[in-house]
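To start, the structure under review is shown below, and the notes come after it.
All of these numbers come straight from a predicted model, not from anything done at the bench.
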Amino acid sequence: MAFDIHTMRNIGISAHIDSGKTTLSERILFYCRKIHAIHEVRGKDGAGATMDSMDLERERGITIQSAATNVQWKHHFINLIDTPGHVDFTIEVERSLRVLDGAILVLCSVAGVQSQSITVDRQLKRYHVPRLAFVNKCDRTGANPFKVKTQLAEKLGLNPAFVTIPIGLEDKFEGVIDLIDMRAVYFDGPNGEELRYAEIPAHLRKDADRYREELLEAASMFSDELAEAYLEGEVTKDLLLAAIRKGTVEEKFVPVFVGSAYKNKGVQLLLDGVVNFLPDPSERRNVALDLSNNEAEVELIAEDKAPTVALAFKLEDGQYGQLTYVRIYQGMIRKGDELYNTRARKRFKVGRLVRMHAASMEDIQEGNCGDIVALFGIECASGDTFCAPELNYAMTSMFVPEPVISLAITPKDNKSSDQMSKALNRFTKEDPTFRTFVDPESNQTIIQGMGELHLEVYIERMRREYKCEVTAGMPQVAYRETITQRAEFNYTHKKQTGGSGQYGRVAGYIEPLKDEAYEFVDQIKGGAIPNEFIPSCDKGFRTAMEKGTLIGFPVTNVRCVINDGQSHPVDSSDIAFQLAAIGAFREAYEKAKPTILEPIMKVVVETPTEFQGNVFASLNQRRGIIVANTEDGIFSRVEAEVPLSEMFGYSTVLRSLTQGKAEFSMEFEKYARVPASLAEQLRKDYLEKRKKEQK
């Protein structure tokens, strides 16, 4: 069968943790006949869900790495990526959304729009990814998909309308009403694979008519033909589908489906929605930067015959070497093709080309335009662009958040030391939010990440995958230093060591900067500092800001302005002006009343209402500020801003306070000044540590 790009869909499944993403993925695989038996997350059969291929994922019942697969539904080819819900693994969501054309936003029918739903929605908007909404778990006690649809509008600012509505709810949930064909759909057979169509139940006819009207009104905003037909009472199915699709592709409309993935209800209609409403690769605008033409934007053409442009968006170290996941934006990739890595400036030959199905793979000869495939044995980094040799394009990479927590780790023996080095090299290459370095003063290996769970998972993976035993120190918060007032500098760096010396003078001031980490301003007039040494001053200031003098953490939110200086015809050099800028910054830093900042986390606790008071008290004890509290009689949702340093071990505390019935999530919100008493203690600890190291 000839390949047709219009029948291809690249979609992701995104949601708050425990909304049922992986369960939904498993049903999609089953109904598309990719698998022949359904396995559950943390299933009793010991198999676990297909898309959770890591042992750790199956044991914990969470998704840690995004997993890719491909299925066919009604002559449409769908590349599907299941992403993690836990905020610690947010980079997996970022890198997936960067290459996808559409998404299914899964929401729990009981909990509705949760904290990570808001984060995921923000990510979808960042990459302009159209989405469908699937309100899952309609069989659960307290299910209310109508409330969830309202929250989509109020909390996420979307324009939602039901395409299906439930027949019954909670333990009476039987099936759904399809508002496009205006019929009831029931899901028979042992796994809901047999669809039975029937008349809409009489007691739901009024509701069905009302929500059908809402759908028609919303969709007619995107089609004059539909609006006309609607007024004349002659709406056809094709007109309605086309209007919904147009609104969805333009990100101005969100079709809402309902169901229960666990009870095998509503998934097939959602798959119809994927092929009917989400865009194919040719309907998305993708641009690259032409590196040979001052990074001018070039619109890519979604055609097989065009020269190849592809983005490497995810790396995995497998038993056969590095596996590189690639999205093809233009042209094709064939086995044996020569491609050019524009970052590394190296050509390479495509050896083994595969299509992924979670942890398994099938060899293929070629990947078409718009496809997601994987290459073996290619030396590259995440975010690299591969082009046909005659092109020199770069795709813009994904947004990478800064790590907020660090740990010192020490190998238990020499064998573990070698293995630890291999593991860290691999993990930092695969995950841009996981970083590692050796502290020059303590000589300890430091790992950094997005949260306790993030680092915990990597330490466990070292033990399992590399037989590497390490001891971890106490978690270390990523503090920052900043200044509170303007201070001037006038610093001369002068050094004579026989022969040519070093000379550079810089004058100016530093001042607080509100929304950016650093800004360099050149106000030099009359060539007081020659132009070739201006970048040296910038580099020197950046170097000085890597480590503040209060507690040894990076300095942020500073504007450095140079307005005068002096050079020497012989002794001035790049290094001389770098050192002059470093000295100038340190001179002014002490006068600018530096202070310490700490990361503040947005913490969301979902708890049975009976334990709400305990949760309030526990967050207040941790210097938390409650910013919102909503309850529906059964559950309470408490939002607070809490310093990261106070959140270590909170999962254990919360378990004991709520009899294990509550759950929480947190993500970085902002930096804020630490209280004076804590600043004093941090300073004292830092000075003591320095003393010990000097001895």
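Ring centers of F348 and F386: under 6.0 Å apart, within the cut-off.
The closest donor-acceptor contact from the side chain of T23 to the backbone of A261 lies at 3.5 Å or more, if one exists at all. The main-chain N or O of Y393 is found under 3.5 Å from a side-chain atom of T342 such that the two form a donor-acceptor pair. A donor-acceptor contact shorter than 3.5 Å is absent between the side chain of N294 and the backbone of A296. The main-chain N or O of P307 is found under 3.5 Å from a side-chain atom of Q330 such that the two form a donor-acceptor pair. Distance alone, capped at 3.5 Å, places no donor-acceptor pair between the R352 side chain and the F376 backbone. The backbone N or O of Y518 lies less than 3.5 Å from no partner atom in the side chain of R542, so there is not a single donor-acceptor pair. Between the side chain of R27 and the backbone N or O of V267, no donor-acceptor pair lies under 3.5 Å. Put simply, the side chain of T436 gets close to the backbone of I446: a donor and an acceptor are under 3.5 Å apart. Not one N or O on the side chain of R327 forms a donor-acceptor pair closer than 3.5 Å with the backbone of L311. Of the possible polar contacts, one joining the T471 side chain to the T410 backbone as a donor-acceptor pair under 3.5 Å is found.
Applying the side chain to side chain donor-acceptor pair (under 3.5 Å) rule to Q419 yields the partners K422; only residues at least two apart in sequence or on another chain are considered. Scored by the side chain to side chain contact (heavy atoms under 4.5 Å, CB included) test, D418 finds no partners at all (sequence neighbours excluded). With sequence neighbours left out, A472 forms a side chain to side chain contact (heavy atoms under 4.5 Å, CB included) with L407, I409, I459. Not a single side chain to side chain contact (heavy atoms under 4.5 Å, CB included) links K467 to another residue, sequence neighbours left out.
You'll find the side chain of R131 reaches within 4.5 Å of the side chain of V254, heavy atoms only. Counting only heavy atoms from C-beta outward, the side chains of N368 and I5 never approach each other to under 4.5 Å. F77 has its side chain within reach of D371: a pair of non-hydrogen atoms, C-beta onward, lies under 4.5 Å apart. Q365 is not listed as a side-chain neighbour of R334, based on a closest heavy-atom distance of 4.5 Å or more.
Scanning all heavy atoms of the two residues, the minimum distance from A310 to V326 falls at CB-CG1, 3.4 Å. For L124 against E251, the heavy-atom pair with the smallest separation is O-OE1, 4.5 Å. Between V249 and P279, the closest heavy-atom pair is CG2-CB, 3.9 Å. Closest of all the heavy-atom pairs between N136 and S260 is OD1-CA, 3.4 Å. Nearest heavy atom pair, residue P130 against residue H128, reads CD-O, 3.5 Å. Taking every heavy atom of both residues into account, M601 and F668 meet most closely at CE-N, 3.4 Å.
Salt bridge absent: K346 and D384 never bring a charged side-chain N and a carboxylate O closer than 4.0 Å.
When the shell of 6.0 Å around CG of D363 is examined, it contains more than 12 heavy atoms from other residues, nucleotides or ligands. Residue D413 places its CG atom among more than 12 non-hydrogen atoms of other residues, nucleotides or ligands, all under 6.0 Å distant. Environment of NZ in K34: crowded, with over 12 heavy atoms of neighbouring residues, nucleotides or ligands closer than 6.0 Å.
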- Task: Apply side chain to side chain contact (heavy atoms under 4.5 Å, CB included) to the pair Y127 and V99, showing each step before the final yes or no.
- Result: CA-CA 9 Å; Y127 297 110; V99 298; over 6 Å; no
- Message: Could you walk me through whether F253 and K246 satisfy the side chain to side chain contact (heavy atoms under 4.5 Å, CB included) test, starting with their C-alpha distance in whole Å, then the side-chain angles of each, then the deciding distance to 0.1 Å, before giving a yes or no?
- Response: CA-CA 9 Å; F253 182 70; K246 186 171 187 289; over 6 Å; no
- Verify side chain to side chain contact (heavy atoms under 4.5 Å, CB included) between Y466 and R461, making sure each step is shown before the conclusion. CA-CA 7 Å; Y466 287 87; R461 285 184 65 188; over 6 Å; no
- Task: Could you please spell out the steps behind the side chain to side chain contact (heavy atoms under 4.5 Å, CB included) verdict for L271 and I78?
- Result: CA-CA 10 Å; L271 279 165; I78 302 171; 4.3 Å; yes
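Atoms CD1 and CD, from I28 and Q268 in turn, are 10.0 Å apart once rounded to the nearest 0.5 Å. To the nearest 0.5 Å, atom CG of residue N10 and atom CZ of residue R284 are 10.0 Å apart. Note that CZ of F134 and CD1 of I104 are 8.5 Å apart. Values are rounded to the nearest 0.5 Å. Expressed to the nearest 0.5 Å, how far CD1 of I328 lies from CD1 of I372 amounts to 9.5 Å.
N276 and R245 share no donor-acceptor pair across their side chains, judged by distance under 3.5 Å alone.
Residue pairs that meet the salt bridge (Lys or Arg N to Asp or Glu O under 4.0 Å) test with at least one member in residues 267-276, sequence neighbours left out, are K74-D272. Sorted by first and then second residue, the salt bridge (Lys or Arg N to Asp or Glu O under 4.0 Å) pairs with a member in residues 289-298 read R285-E297; sequence neighbours excluded.
Relative orientation of the F434 and H454 rings is perpendicular, given thresholds of 30° and 60° on the angle between their planes.
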